[in-house]
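Hydrogens, waters and symmetry mates are skipped; everything else that's a heavy atom, side chains included, is used. Lettering of chains follows the sequences in order, A, B, ..., and the numbering in each one begins at 1.
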2 protein chains.
Amino acid sequence: MGTIGRPRSQEAHDAILKAALRLVTKRGFRAVGVNEIAAAAGVGKMTLYRHWPNKAALVMDSLLVLIGSETAFPEAGSAIESLRQQIDLQAAFFRSPRGNLIRSLVAEAQSDLELACAFRDRWLNPRREGVREILRAAIAEGSLRRDIDIDTAIDLLYGSLYYRLLLGSDTLDEPFVDHIYQQFLAGHGVLYASDEEIRP
Amino acid sequence: MGTIGRPRSQEAHDAILKAALRLVTKRGFRAVGVNEIAAAAGVGKMTLYRHWPNKAALVMDSLLVLIGSETAFPEAGSAIESLRQQIDLQAAFFRSPRGNLIRSLVAEAQSDLELACAFRDRWLNPRREGVREILRAAIAEGSLRRDIDIDTAIDLLYGSLYYRLLLGSDTLDEPFVDHIYQQFLAGHGVLYASDEEIRP
DNA sequence: CTCCTAACGATACCTTCAGTATCGTTTCTA
DNA sequence: TAGAAACGATACTGAAGGTATCGTTAGGAG
């Protein structure tokens, strides 16, 4: 007893995702209407709403499906070097047009609890978990102090990146990334900080 | 040659500001309608639009006029101690119901260029200027390195606070604030860091 | 091969909400 | 005291997210 009736069109599904990603990335979540997305995908509006419950879920999905792998974690000689490259990657990602998509979703999530949960569970936390592993490896290889609070450390690392993405007039350029990294090492690296006074 | 016609009602002006602040703080920018604000203020909707060009400008004004002074800079024995207290104050402000107002405005600013400029020019930058002065004083008193980039340092300090306000599942509690402060001192304080390697 | 069912595109519609237009009334100033 | 502008009230406009419904189409089950 398989499925009954006409199967859903994968072509329509993909076309909607691609149109949503392209339009929202270029012009922002609020500036793009669902009619426009459906039209750009060459699809009826009802088809869109058969595949996703609302606009926010669609755009969230377009982020995950189409560019979820763009922030893959680099392999480097050492864990601490992987961390450095990961920060660079994240900054480059925010500088790219994809940054507008993240800005849009974070903004929308402030008044959409469901989207907020989805963004945290499906985007933020998986990437934080990747960073956690890098940090654990960096601790294991002796590059970082053993007593750091990993989640708080991640907040420090990525907080300033998101701050500049959402509120900054300045750019997320290389000197800034370098400053973040050096500052992080100063506080958490074994070569820079003493073993007391960070966590009294 | 003074003004002609009936003067504007200061009572109406204040009542609208207070109603907007109260409602948006409690339920968020998007969840509160202009009609509701006007009704709560005991005022016609047109009066509201005679005093402000749009909803965003009104709410931005309510932030500045009614709670613009709540983040006043503390006086402490030393500049570095003032800095510490200022971070505490900012975190407490974000934890309070006022935090919802900031979240709403930052979110709305992502799709409203005019609001984004107003928020930067009238809220963010004045407060950053206050922090700049504290940092300069801390440098002068010998608590911080002389070669730090003050604006980048501010981004690091406040970035993680805004990150937890907008995206965090965790709270902006005292241990987190302490961590931020200690981490900042580790990177920028003269007692913690050596004089090279931060800015190669 | 044929039928049944659900998806399809199209389109009209509903609801909500920010912002506008208008009206008779009120309040201050010249 | 007369005029000009703000006032409260209310009807309206336009845009946008989401729904309802139409006839049509594709494909699996029998």
Side-chain angles (χ1 to χ4, degrees), chain A residues 1-20 23-24 27-62 104-105 107-115 118, chain B residues 1-20 23-24 27-62 104-105 107-115 118:
Chain A
M1 176 105 154
T3 48
I4 294 293
R6 180 176 176 178
R8 290 197 172 177
S9 162
Q10 188 64 41
E11 285 81 10
H13 192 88
D14 295 346
I16 295 169
L17 279 176
K18 283 179 63 176
L23 290 171
V24 174
R27 310 219 313 271
F29 186 92
R30 302 288 295 281
V32 176
V34 283
N35 290 307
E36 197 178 353
I37 295 175
V43 146
K45 192 205 280 199
M46 271 314 293
T47 298
L48 190 154
Y49 279 105
R50 275 185 207 103
H51 289 248
W52 293 273
N54 51 58
K55 184 177 157 188
L58 162 62
V59 176
M60 184 71 218
D61 240 31
S62 80
S104 283
L105 285 170
E108 210 62 18
Q110 302 305 315
S111 59
D112 182 337
L113 189 59
E114 209 174 347
L115 175 61
Chain B
M1 175 109 154
T3 48
I4 292 293
R6 180 177 176 177
R8 289 197 173 176
S9 162
Q10 188 65 40
E11 285 82 8
H13 192 89
D14 296 345
I16 295 169
L17 279 177
K18 283 178 62 176
L23 291 171
V24 174
R27 311 218 315 270
F29 186 91
R30 302 288 296 281
V32 176
V34 186
N35 292 306
E36 196 178 354
I37 295 175
V43 146
K45 191 205 281 198
M46 271 315 293
T47 299
L48 190 155
Y49 279 105
R50 276 185 207 100
H51 288 247
W52 292 273
N54 52 56
K55 184 177 158 187
L58 161 63
V59 176
M60 184 71 219
D61 240 32
S62 79
S104 283
L105 286 169
E108 210 61 20
Q110 302 305 316
S111 60
D112 181 338
L113 190 59
E114 207 173 348
L115 175 62

Q: Nearest whole Å is fine: how far is C:dC8 C1' from A:W52 CH2?
A: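 Between C1' of C:dC8 and CH2 of A:W52: 14 Å.
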Q: Once you round it to whole Å, what is the distance between P of C:dC17 and CD1 of B:I37?
A: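 Going from CD1 in B:I37 over to P in C:dC17 covers 12 Å.
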Q: Of all the heavy-atom pairs spanning A:S9 and A:H51, show the shortest one and how long it is.
A: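 Taking every non-hydrogen atom into account, O-CE1, 3.9 Å.
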Q: Send over the distance from A:R8 CZ to C:dT5 P, rounded to a whole Å.
A: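 It is 18 Å, rounded to the nearest whole Å.
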Q: Report the distance from atom CG of B:L58 to atom P of C:dG19, rounded to the nearest whole Å.
A: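 Between P of C:dG19 and CG of B:L58: 10 Å.
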Q: Atom CG of A:L23 to atom P of D:dA16: distance rounded to whole Å?
A: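 Atom CG in A:L23 sits about 13 Å away from atom P in D:dA16.
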Q: With a 4.0 Å limit, can you tell me whether B:H13 has a side-chain N or O closer than that to the phosphate oxygens OP1/OP2 of D:dA6?
A: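 For D:dA6, OP1/OP2 do not have a side-chain N/O of B:H13 under 4.0 Å.
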Q: Among the nucleotides C:dT26, C:dC28, C:dT5, which one has an atom lying closest to any side-chain atom of B:R6?
A: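 Taking heavy atoms from C-beta onward, the closest nucleotide is C:dT26.
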Q: For A:E11 and C:dG9, what is the distance between atoms CD and C1' respectively, to the nearest whole Å?
A: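 Going from CD in A:E11 over to C1' in C:dG9 covers 15 Å.
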Q: Working to the nearest 0.5 Å, report the span between CG of A:L23 and CD1 of A:I37.
A: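 Reported value, rounded in 0.5 Å steps: 6.0 Å.
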Q: For C:dA7 and A:H51 - does any side-chain N or O of the residue sit under 4.0 Å from the phosphate oxygens OP1/OP2?
A: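 It does not, given that no N or O in the side chain of A:H51 lies less than 4.0 Å from OP1 or OP2 of C:dA7.
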Q: Taking the side chain as every heavy atom from C-beta outward, state whether B:K55 and B:F29 have any atom pair closer than 4.5 Å.
A: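 Yes, their side chains come closer than 4.5 Å.
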Q: Where the side chain of A:R8 meets the backbone of A:R50, is there a donor-acceptor pair that is under 3.5 Å apart?
A: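 Judged by distance alone, yes, a pair lies under 3.5 Å.
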Q: Please list, pair by pair, any protein nitrogen or oxygen found under 3.5 Å from a nitrogen or oxygen in nucleotides 18-22 of chain D.
A:
| unit_1 | atom_1 | unit_2 | atom_2 | d |
| --- | --- | --- | --- | --- |
| D:dG18 | OP2 | A:Y49 | OH | 3.1 |
| D:dG18 | OP2 | A:K55 | N | 3.1 |
| D:dG18 | N7 | A:K45 | NZ | 2.9 |
| D:dG18 | O6 | A:K45 | NZ | 2.7 |

Q: Expressed in angstrom and rounded to an integer, what is the separation of A:L48 atom CG from C:dA7 atom C1'?
A: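 Interatomic distance, CG of A:L48 to C1' of C:dA7: 14 Å.
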Q: Counting C-beta onward and ignoring hydrogens, is there a side-chain heavy-atom pair between A:Q110 and B:Q110 closer than 4.5 Å?
A: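 Of all side-chain heavy-atom pairs linking B:Q110 with A:Q110, none is under 4.5 Å.
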Q: To the nearest Å, give me how far apart CD (B:Q10) and C1' (C:dC28) are.
A: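 From B:Q10 CD to C:dC28 C1': 15 Å.
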Q: Counting just side-chain N and O atoms, does B:T47 come under 4.0 Å of either OP1 or OP2 of D:dG8?
A: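 Yes, B:T47 has a side-chain N/O under 4.0 Å of OP1/OP2 on D:dG8.
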Q: Do A:L17 and A:W52 have side chains that get closer than 4.5 Å, going by heavy atoms?
A: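 They are in contact (side-chain heavy atoms under 4.5 Å apart), so the answer is yes.
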Q: Determine whether more than 12 heavy atoms belonging to other residues, nucleotides or ligands lie under 6.0 Å from atom CD of B:E36.
A: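 Count over threshold, so yes.
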